[in-house]
Amino acid sequence: MARIVRESGWAGTTRGGARRPRSAAKPAAPQANTAPDLVRREFCADGPNRAWFADITYVRTHQGWIYLAVVMDIWSRRIVGWSMAPRMAAEFADDALRMAIARRRPPRGCIHHSDHGSQYTSLLLGKAMRAAGIRPSMGSISSPRDNAAMGSLMGFIKAERVHARTFETRGQAALEIFDYIECLYNRKRIHSAPGHLGPEELERANRPGEVRRPMAA
């Protein structure tokens with residue numbers, strides 16, 4: 001059976017991922033403008049816009065790679081900001097953060113947690129965070145467990161919308177990812193951490209004047 005699978009070129013749908021594109025940045029070396037770890041693997045919060053998690057992934061198309069930057073509110077698991085671009089530069093990570101700020105208007109002191117990639121240690125992103133009163137946080141160097149919540153999110157995106165499809169163009173991939181984020185993930189996808197509710201449902205149930213559901217640890 002294994003020989004038949006190899007010769008046929010078949011592959012299962014998993015939450016792994018495509019091989020890293022050669023142009024993708026590897027974990028950065030320590031820099032002077034890196035931030036302390038304010039999260040320490042506590043992947044929860046006691047309310048919205050207290051802690052945001054950010055990460056970048058990539059999707060293969062016949063036209064070339066397309067990169068996706070995402071910002072997620074860890075309380076509800078809602079994707080509050082995202083951006084896609086053909087190159088992995090600081091500007092597109094900054095676009096995802098600015099979308100989150102415009103949509104959510106977080107209180108001063110909101111945490112933005114990420115890895116040490118050059119996009120997240122850039123002066124551009126630091127300026128946006130300072131202007132919004134957001135506190136930067138970063139896990140330890142080359143430790144994916146420190147941002148495991150985002151690894152799980154990216155796994156959902158890849159397994160549920162990317163791996164079973166072949167994208168001819170970056171535009172086609174971008175439309176599929178947009179549809180997954182805004183129409184499926186944020187509105188309908190149920191998560192065990194927020195009490196088996198979808199992000200939108202959880203936030204709607206916890207608006208002022210409504211009963212707050214307890215968060216799972």
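Because only heavy atoms are used, hydrogens play no part in the values below, and waters and symmetry mates are left out as well, while side chains stay in. Nothing here was measured: the structure is a model prediction, and the numbers come from that model.
- Placement of I177 and L184 within a single hydrophobic cluster is found when ILVMFWY residues are connected by side-chain heavy-atom separations under 4.5 Å, directly or transitively.
- F53 pairs by the ring pair (Phe, Tyr, Trp, His ring centres under 6.0 Å) definition with F43, H113, not counting sequence neighbours.
- No donor-acceptor pair closer than 3.5 Å links the side chain of Y185 to the backbone N or O of R78.
- Once rounded to the nearest 0.5 Å, the distance linking CZ of R104 with CH2 of W52 reads 7.5 Å.
- Listed here is the closest heavy atom pair of I101 and A132: CD1-CB, 3.7 Å.
- Using modelled atom types, no side-chain atom of K188 and backbone atom of E200 make a donor-acceptor pair closer than 3.5 Å.
- Closest of all the heavy-atom pairs between L125 and Y120 is CD2-CD2, 3.3 Å.
- Within the structure, the salt bridge (Lys or Arg N to Asp or Glu O under 4.0 Å) test picks out the following pairs touching residues 93-103 (sequence neighbours left out): D94-R98, R103-E182.
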Could you walk me through whether E168 and T61 pass side chain to side chain contact (heavy atoms under 4.5 Å, CB included), step by step?
CA-CA 6 Å; E168 295 295 329; T61 78; over 6 Å; no
Might you work through the side chain to side chain contact (heavy atoms under 4.5 Å, CB included) test for V71 and D55, ending with a clear yes or no?
CA-CA 7 Å; V71 181; D55 200 5; over 6 Å; no
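- The main-chain N or O of R161 is never found under 3.5 Å from a side-chain atom of E176 such that the two would form a donor-acceptor pair.
- The line from CD1 of I134 to OG of S137 is 12.5 Å long, rounded to the nearest 0.5 Å.
- A salt bridge (Lys or Arg N to Asp or Glu O under 4.0 Å) check over residues 143-153, counting only residues at least two apart or in different chains, returns the pairs R41-D146.
- Environment of CZ in R87: sparse, with no more than 12 heavy atoms of neighbouring residues, nucleotides or ligands closer than 6.0 Å.
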Worked check of side chain to side chain contact (heavy atoms under 4.5 Å, CB included) between E91 and L124:
CA-CA 7 Å; E91 287 79 7; L124 185 64; 4.0 Å; yes
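- Nearest approach of G64 to R170, heavy atoms of both residues: CA-NH2, 3.6 Å.
- In this structure, R60 forms no cation-pi arrangement with F167, as its terminal cationic atom is not both closer than 6.0 Å to the ring centre and no more than 45° off the ring axis.
- D115 CG to N147 CG: the interatomic distance, rounded to the nearest 0.5 Å, is 6.5 Å.
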I would like to know whether I157 and T57 meet side chain to side chain contact (heavy atoms under 4.5 Å, CB included); could you show each step before the answer?
CA-CA 10 Å; I157 295 173; T57 193; 5.8 Å; no
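- Put simply, the side chain of D73 never gets that close to the backbone of P48: no donor and acceptor are under 3.5 Å apart.
- Minimum interatomic distance between A45 and I74 (heavy atoms only, all atoms of both residues): CB-CG2, 3.8 Å.
- Between the S122 side chain and the Q119 main chain, a donor and an acceptor come within less than 3.5 Å of each other.
- When all heavy atoms of L68 and M84 are compared, the closest pair comes out as CD1-CG, 3.6 Å.
- The residues E160 and R189 are annotated as salt-bridged, a charged nitrogen and a carboxylate oxygen being separated by less than 4.0 angstrom.
- Under a hydrophobic clustering in which Ile, Leu, Val, Met, Phe, Trp and Tyr are joined whenever their side-chain heavy atoms come within less than 4.5 Å, directly or via other members, V70 and L175 fall into different clusters.
- The two residues L202 and S76 have their closest heavy-atom pair at CD2-CA, 3.5 Å.
- Atom CD1 of I79 and atom CG of N186 lie 5.5 Å apart (nearest 0.5 Å).
- Atoms SG and CG, from C110 and N49 in turn, are 6.0 Å apart once rounded to the nearest 0.5 Å.
- In this structure the side chain of H112 never reaches within 4.5 angstrom of the side chain of P136, judged on heavy atoms.
- Here E203 contributes atom CD and R77 contributes atom CZ; the two are 12.0 Å apart, rounded to the nearest 0.5 Å.
- Residues Y58 and M88 form no side-chain contact, since every pair of their non-hydrogen atoms from C-beta on lies 4.5 Å or further apart.
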Step by step, would you call R187 with E201 a salt bridge (Lys or Arg N to Asp or Glu O under 4.0 Å)?
CA-CA 7 Å; R187 296 184 182 183; E201 184 181 6; over 6 Å; no
